[in-house]
Amino acid sequence: MELEGKRIVLGVTGSVAAYKAAVLLRLLTGAGAKTQVAMTDAATRFVGPATFAALSGKLVLTDLWAAADENPMTHIDITRAADAILIAPATADCLARLAQGRADDLLAAMTLARACPLLVAPAMNRRMWENPATQRNLEILRQDGVTCLGPDTGLQACGEEGEGRMLAPETLLEVLRAFFTPNSLAGKKVLLTAGPTFEALDPVRGITNLSSGCMGYAVARAAARAGAEVTLVSGPVAQAAPMNVACIPVQSALEMYRAVMQRATTADIFIAVAAVADYRAERIAPQKLKKSAGSPPEIRLAQNPDILAEVAALPNPPFCVGFAAESERLEDHAQQKRARKGVPLIVGNLIQEGFGGETNHVILFDDAGSHPLPVAPKIQIARQLLAHILALMEKK
Ligand code: C5P
């Protein structure tokens, strides 16, 4: 995983958003990062160091001189070993001090002595943010190679509305993940389908399936983290839109087909993860169907277009990848599907092992044969799939 074992120094400065840093720390440790928290004196007025110590499992560094008593080189030792320093929240005062290169408290000294990237997530009142002095300091930091994350716009703790809110901890985690993912897909356009389709029968009823969209969203997320320009055409699901992904919500297979065909000619890679209905109702009843006393109504079905096969048949198609969820004889069905749809790669999985769950067990089928991947969380499968796609594209 991107953050597994990464040594992150989380700097916390004196803003009310310091309470959000505790949530961020929880997310970072949950993602496998090895964290060390350093707080300024002002930060400890907002949230006690004990909270951060409990969440990181390590004593929090606060005082330059107390740290120096134990080890005079604390600031250098810690930043020498760190993979990144993230200051969240970073106050206007913190940005000013960083821009000047001050070293008069422990966090400032550690930051100045770093040999790793520095990321800051500003949090302040909107007027402090807009002040030319703050913007000037930020410009200096950017020129020094510091990455500025946010801030967000919205209601502020002071009651004003505007720019200056710290980015949500979940967003900061996502940014950090992307930061540690090699940009292997930079410059590539990736188009995906995900989720089920919903084929209406009348204004309230329809035919659908149990696809959660989890696998398709994981592939979209992994592709965005690897630097791709990602468009996700999604059927109705209860998944949050991944960061830096253009999401196009659709319901029926025909809507999905149109949304994909409009974009397929400019895509480099097309990954069809959606569980598309093979058939739709020939006619959608304009009014709600009524229960009748006689025999049950008959529904006449019409064939839906095969989106993947149509994209693969374009004159200059993107690299096409299909999914085959089977309940038996996976290899036979997957290889037949690959040939029938004319695609270089099919990801096969047994329905009982993938549908709806957090993990998946898949086998990749290509010209060279079959490549089983170990059972893993869907995001990890997604990363391995993208690496396999890139390797195949490079061979072509
Ligand atoms: O034909 P079948 O549904 O078994 O194939 C599954 C693969 O084809 C998946 O990648 C799915 O997204 C894609 N597909 C499609 N359009 C359809 C049916 C399936 O793109 N109408």
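The model shown is predicted, which means the values in this text are computed figures rather than measured ones. Atoms within a ligand are numbered from 1 in the order they appear, just like the ligands themselves.
The other residues sharing a hydrophobic cluster with Y279 are L201, I207, I299, L301, where clustering joins ILVMFWY side chains under 4.5 Å apart.
For K20, there are no salt bridge (Lys or Arg N to Asp or Glu O under 4.0 Å) partners at least two apart in sequence or on another chain. Listed by chain and number, the residues in a side-chain hydrogen bond (donor to acceptor under 3.5 Å, both in side chains) with R300 are E282 (sequence neighbours excluded).
Ion pairing between a basic and an acidic side chain is recognised when a charged N comes within 4.0 Å of a carboxylate O; R225 and E174 show such pairing.
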Are there any protein N or O atoms under 3.5 Å from the N or O atoms of ligand 1? List them with distances, or say none.
| unit_1 | atom_1 | unit_2 | atom_2 | d |
| --- | --- | --- | --- | --- |
| ligand 1 | 1 (O) | K341 | NZ | 2.8 |
| ligand 1 | 4 (O) | K337 | NZ | 2.4 |
| ligand 1 | 5 (O) | K341 | NZ | 3.0 |
| ligand 1 | 8 (O) | K341 | NZ | 2.9 |
| ligand 1 | 10 (O) | A272 | O | 2.6 |
| ligand 1 | 10 (O) | F323 | N | 2.7 |
| ligand 1 | 10 (O) | F323 | O | 3.4 |
| ligand 1 | 12 (O) | A272 | O | 3.3 |
| ligand 1 | 12 (O) | A274 | O | 2.6 |
| ligand 1 | 16 (N) | I307 | N | 3.0 |
| ligand 1 | 20 (O) | L308 | N | 2.9 |
| ligand 1 | 21 (N) | P305 | O | 2.8 |

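Between V219 and V321, every side-chain heavy-atom pair lies at or beyond the 4.5 Å cut-off.
Checking side-chain atoms of Q251 against main-chain N and O of G235 turns up no donor-acceptor pair under 3.5 Å.
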